[in-house]
Number of protein chains: 2
Amino acid sequence: MPVGYSVAMTARPTPDTVGDPPDDLWLNAEEKEAWTGLVSLVLLLPGQLDAPLQQHSGLSLFEYLTLSHISEAPDRRLRMSELAFLANGSLSRLSNVVKRFEQRGWVERSPDPEDGRYTVAALTDAGYDVVVDAAPVHVRAVRQLVLDPLTAEDQEALARIAAKLRVRPADLA
Amino acid sequence: MPVGYSVAMTARPTPDTVGDPPDDLWLNAEEKEAWTGLVSLVLLLPGQLDAPLQQHSGLSLFEYLTLSHISEAPDRRLRMSELAFLANGSLSRLSNVVKRFEQRGWVERSPDPEDGRYTVAALTDAGYDVVVDAAPVHVRAVRQLVLDPLTAEDQEALARIAAKLRVRPADLA
DNA sequence: ACGTTTAACTTCAAGCATGAAGTCATGCCG
DNA sequence: CGGCATGACTTCATGCTTGAAGTTAAACGT
């Protein structure tokens with residue numbers, strides 16, 4: 001068994017054949033850089049973004065997004081399925097979160113009068129106060145961690161890249 | 001109380017004052033686009049990247065990265081702290097993962113002979129087989145979900161942006 | 001030598017996410 | 001009409017992550 005190297009996305013086991021054929025099984029240097037960068041974003045940022053909210057308001061990022069999106073909706077009410085889409089979560093995840101919010105008196109759920117299959121989540125005044133209190137903390141964190149380190153071109157590129165990669169789940173269940 | 005709108009990172013409550021002063025409390029259109037894009041990446045991609053690995057090998061992305069990084073290290077051994085850094089996880093998270101791997105016979109832990117404070121994780125042959133089996137599935141997913149939708153310029157920009165945003169935790173605990 | 005500090009883990013309890021299965025309201029088709 | 005299919009949730013068991021507290025080894029200062 002050869003001395004250990006090379007399972008994954010690094011140089012290939014066989015070091016340097018002449019005239020590299022494009023190889024679908026491994027990533028080249030540029031691809032690897034993009035991938036490792038994305039991985040560290042995806043694995044490290046959530047915690048960084050959660051922390052300030054968690055400390056100040058006891059909210060996770062996803063919980064904050066949930067409250068925030070309801071607060072921005074007309075009449076501060078939103079169907080669960082629309083909310084799940086906006087907050088980038090599954091219906092199951094959202095349902096659990098909203099249940100906890102309801103127990104804290106921040107949100108109330110009721111069947112949609114126009115179609116009983118939908119559930120409408122409505123923000124209470126207490127819930128509104130929570131978002132208003134948390135918003136500045138959140139915005140500050142977003143600026144410090146994300147926006148400030150990037151140039152305008154970076155921000156534009158980020159939006160473009162995210163749009164290309166965004167794969168909305170076919171089923172939100 | 002005014003009709004509900006505007007808590008968070010959207011247009012400001014007061015619609016259009018003339019000659020916008022730069023406002024630190026809210027995000028403008030470009031900033032918001034970059035931010036919402038990043039959020040959906042960060043919230044949706046992990047699940048998308050986990051799925052193929054989970055289905056084929058019962059591994060999460062983080063678990064795969066763990067095994068993969070050990071397999072690429074000299075002699076297929078790595079200190080826990082280095083591994084945690086490479087895999088973008090906390091030492092606590094890694095410790096739990098490696099414990100499970102050890103129970104499955106994929107990894108063995110031992111104190112570093114050169115400095116007893118370190119723990120060295122070594123990949124077994126069985127563990128090596130697992131990575132070798134999972135790698136093609138993983139690479140295929142990375143290509144389909146991330147690399148293929150992006151141009152070379154996009155990939156370059158992504159690597160640059162990730163480097164700017166990467167905030168390695170000061171303490172990995 | 002010896003206590004103190006630092007740092008690398010490890011452990012465990014609490015809380016959250018996931019995904020499969022169940023419930024229920026509508027729409028649809030015969 | 002009546003049953004079936006669809007889609008929007010809701011629930012719950014399982015497993016994982018988190019963070020605080022504990023353990024141990026080396027370095028450091030006296």
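Note that this is a predicted model, so its numbers are computed, not measured. Protein chains get the first letters and strands the later ones, always in sequence-line order, with residue 1 at the start of each.
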**Student:** Between A/M80 (CE) and D/dG7 (P), how many Å, whole number?
**Tutor:** 19 Å
**Student:** Extract from the structure each pairing of a protein N or O with an N or O of nucleotides 15-18 of chain D at less than 3.5 Å, listing the distance.
**Tutor:**
| unit_1 | atom_1 | unit_2 | atom_2 | d |
| --- | --- | --- | --- | --- |
| D/dT17 | OP1 | B/R93 | NE | 2.9 |
| D/dT17 | OP1 | B/R93 | NH2 | 2.9 |
| D/dT17 | OP2 | B/R100 | NH2 | 3.3 |

**Student:** CG/A/L158 to NZ/B/K164 distance, rounded to the nearest 0.5 angstrom?
**Tutor:**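 A/L158 atom CG to B/K164 atom NZ measures 11.5 Å (nearest 0.5 Å).
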**Student:** Find out whether B/F62 and B/R93 are in side-chain contact, i.e. whether some heavy atom of one side chain is under 4.5 Å from a heavy atom of the other.
**Tutor:**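 B/F62 vs B/R93: side chains touch.
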**Student:** Measure from CZ on B/R79 to P on D/dA26 and round the result to the nearest Å.
**Tutor:**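 In whole Å, D/dA26 P and B/R79 CZ are 11 Å from each other.
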**Student:** I'd like to check the salt bridge (Lys or Arg N to Asp or Glu O under 4.0 Å) partners of A/R104; sequence neighbours left out, ordered by chain and number.
**Tutor:**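 A/R104 satisfies salt bridge (Lys or Arg N to Asp or Glu O under 4.0 Å) with no other residue.
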**Student:** Please figure out whether A/D112 or B/E82 has its closest DNA chain C nucleotide nearer the 5' end.
**Tutor:**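 Mapping each residue to its closest nucleotide by heavy atoms, the 5'-most match is B/E82.
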**Student:** Answer whether the closest heavy-atom distance between the side chains of B/R166 and A/L41 falls below 4.5 Å.
**Tutor:** no
**Student:** Write down the distance between CZ (B/R109) and C1' (C/dT10), rounded to a whole number of angstrom.
**Tutor:** 8 Å
**Student:** State yes or no: do A/L27 and B/V137 share one hydrophobic cluster built from I, L, V, M, F, W and Y residues joined by side-chain heavy-atom distances below 4.5 Å, directly or via other members?
**Tutor:**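 As far as the 4.5 Å side-chain criterion goes, B/V137 and A/L27 are not connected within one cluster.
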**Student:** Provide, to the nearest angstrom, the distance between the CD atom belonging to A/Q103 and the C1' atom belonging to C/dG15.
**Tutor:** 13 Å
**Student:** Between B/S95 (side chain only) and B/L91 (backbone N and O only), is there a donor and an acceptor less than 3.5 Å apart?
**Tutor:** no
**Student:** Report the distance from atom CG of A/L83 to atom P of D/dA8, rounded to the nearest whole Å.
**Tutor:**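 For the pair A/L83 CG and D/dA8 P, the rounded distance is 14 Å.
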**Student:** Mind checking the CD-CD spacing from A/E31 to B/Q155? Nearest 0.5 Å is all I need.
**Tutor:** 5.5 Å
**Student:** Would you check if the side chain of A/Q48 reaches a backbone N or O of A/L45 as a donor-acceptor pair within less than 3.5 Å?
**Tutor:**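 Flag not set: sc A/Q48 to bb A/L45 has no pair under 3.5 Å.
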**Student:** Mind running a 4.0 Å heavy-atom check of residues 115-123 of chain B against DNA chain C and sending the residues that fall below it, in number order?
**Tutor:** B/R117, B/Y118, B/T119
**Student:** Heavy-atom count check: over 12 atoms from other residues, nucleotides or ligands less than 6.0 Å from B/E82 CD?
**Tutor:**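 For B/E82, atom CD is crowded (more than 12 foreign heavy atoms under 6.0 Å).
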**Student:** Starting from P on D/dC9, measure out to CZ on A/F85 and report it in whole angstrom.
**Tutor:** 14 Å
**Student:** What integer distance in Å separates A/L91:CG from C/dG22:P?
**Tutor:**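 A/L91 atom CG is separated from C/dG22 atom P by 18 Å.
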**Student:** Whole Å only: how far is the CG atom of B/L78 from the P atom of C/dA8?
**Tutor:**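 Nearest whole value for this atom pair: 14 Å.
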